[in-house]
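Before any comments, here is the structure.
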Amino acid sequence: MESKRLLLIICLLLSGLYACSNQNQEDDVVPSQPDIAIPQGPSCPNSPSIIVKSTQNTECGQSLGKLVVEGSGGQGSLTYSINGQNFQTDTVFAGLADGTYTVIVKDSVDCTNTVNAGVGTNSDVSFATDVEPIIRTNCAISQCHVSGGRSPNLTTKASILSNAGSIKREVVSGSMPRGSTLSQSEIDQIRCWVNDGAKDN
């Protein structure tokens, strides 16, 4: 009888300890943290807009081109930049070489917009008089762009015209011609000729 009573007391004590342990565990539970909002960049419900008002071509090998843009909207004052460099309040960009430019408009809270604009050339470069002699003298020569040599074969007018883009890329990068160097004037003539549409003129 005494052993049964002792066993009952032990069971009651153990039950009390289990209840206390569970209560302590519940008390130690760390409450979940609320979601923290991560700050975002500037909100731009009214981003500025930009258009190209006019362009002025340059001469081959020179930097006489000009772009005139116009911005509107946004907040506060507007500033302008070509390719993300040196923002200015003036809407005119002068002294430009031929090529494509990305003009950026930015307002006072750093909201932006862009427009692409191209400056062409007033070029009178002739394929027959200027470009073809350069290619034949410097590229379509033995062990270079001829039959059995490097590709493409540039010994015909048709092949030069059809490869105008790659010729410009290689000449401007200095990869062509191999073993010799073109003058800046010759490089400009090829570049301007291609930029003007690689005409058979």
Side-chain angles (χ1 to χ4, degrees), residues 37-132 134-135 139 152 154 159-176 181-201:
I38 299 175
Q40 302 296 319
S43 176
C44 300
N46 182 32
S47 293
S49 60
I50 183 171
I51 61 171
V52 179
K53 292 196 67 178
S54 65
T55 63
Q56 175 180 299
N57 288 345
T58 184
E59 299 298 324
C60 182
Q62 301 186 47
S63 297
L64 303 174
K66 183 167 67 174
L67 294 175
V68 181
V69 298
E70 181 178 75
S72 60
Q75 299 185 45
S77 59
L78 302 179
T79 54
Y80 306 87
S81 169
I82 285 183
N83 301 330
Q85 302 295 321
N86 303 321
F87 279 86
Q88 61 184 47
T89 57
D90 195 353
T91 61
V92 178
F93 295 91
L96 302 177
D98 62 295
T100 301
Y101 297 87
T102 299
V103 187
I104 305 171
V105 60
K106 181 172 69 173
D107 66 12
S108 58
V109 294
D110 291 338
C111 292
T112 62
N113 211 333
T114 63
V115 66
N116 289 330
V119 173
T121 56
N122 298 322
S123 174
D124 58 355
V125 176
S126 165
F127 171 73
T129 304
D130 303 310
V131 175
E132 190 173 18
I134 297 173
I135 301 300
C139 304
L154 299 178
S159 63
I160 297 174
L161 292 171
S162 63
N163 289 282
S166 61
I167 290 172
K168 171 194 168 185
R169 183 172 59 253
E170 295 296 310
V171 166
V172 171
S173 69
S175 300
M176 189 174 111
T181 303
L182 298 181
S183 68
Q184 188 59 51
S185 175
E186 291 172 323
I187 294 173
D188 288 338
Q189 286 179 322
I190 292 174
R191 180 173 54 81
C192 293
W193 170 70
V194 175
N195 288 350
D196 286 344
K199 301 171 184 176
D200 181 8
N201 57 349

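Just so it is clear, the values below take in all heavy atoms, side chains as well, and ignore hydrogens, waters and symmetry mates.
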For [X] versus [Y], what's the shortest heavy-atom pair and its separation?
{"X": "G73", "Y": "N46", "result": "C-ND2, 4.4 Å"}
{"X": "S159", "Y": "S162", "result": "O-OG, 3.1 Å"}
{"X": "V119", "Y": "G65", "result": "CG1-CA, 3.8 Å"}
{"X": "V103", "Y": "V69", "result": "CG1-CG1, 3.9 Å"}
{"X": "M176", "Y": "L154", "result": "CE-CD1, 4.2 Å"}

Check whether more than 12 heavy atoms from other residues, nucleotides or ligands sit under 6.0 Å from atom CD of E170, and answer yes or no.
-> yes
Between [X] and [Y], do the side chains contain an N or O donor and an N or O acceptor separated by less than 3.5 Å?
{"X": "T58", "Y": "T121", "result": "no"}
{"X": "S173", "Y": "S175", "result": "yes"}
{"X": "D196", "Y": "S123", "result": "yes"}

Backbone N or O of S183 within a donor-acceptor pair of the E186 side chain at under 3.5 Å?
-> yes
Just by distance, do the side chain of D107 and the backbone of P48 share a donor-acceptor pair under 3.5 Å?
-> no
If you round to the nearest 0.5 Å, how far is [atom2] of [Y] from [atom1] of [X]?
{"X": "Q189", "Y": "Q184", "atom1": "CD", "atom2": "CD", "result": "11.0 Å"}
{"X": "K53", "Y": "I51", "atom1": "NZ", "atom2": "CD1", "result": "7.0 Å"}
{"X": "L78", "Y": "E70", "atom1": "CG", "atom2": "CD", "result": "10.5 Å"}
{"X": "N163", "Y": "K168", "atom1": "CG", "atom2": "NZ", "result": "14.5 Å"}
{"X": "L96", "Y": "S63", "atom1": "CG", "atom2": "OG", "result": "7.5 Å"}

Out of N57, N122, N195, which residue meets the side chain to side chain donor-acceptor pair (under 3.5 Å) rule with D98?
-> N195
In the structure I gave you, are the side-chain heavy atoms of [X] and [Y] within less than 4.5 Å of one another anywhere?
{"X": "K66", "Y": "F93", "result": "no"}
{"X": "Q88", "Y": "T79", "result": "no"}
{"X": "V171", "Y": "L182", "result": "yes"}
{"X": "Y80", "Y": "D90", "result": "no"}
{"X": "I134", "Y": "I190", "result": "yes"}
{"X": "I50", "Y": "I104", "result": "no"}
{"X": "C111", "Y": "K106", "result": "no"}
{"X": "W193", "Y": "D130", "result": "no"}

In sequence, state the C-alpha distance, the side-chain angles, and the governing distance for T102 and N116, and then conclude on side-chain hydrogen bond (donor to acceptor under 3.5 Å, both in side chains).
-> CA-CA 5 Å; T102 299; N116 289 330; 2.9 Å; yes
F127 ring centre to K199 NZ or CZ under 6.0 Å, with the angle to the axis within 45°?
-> no
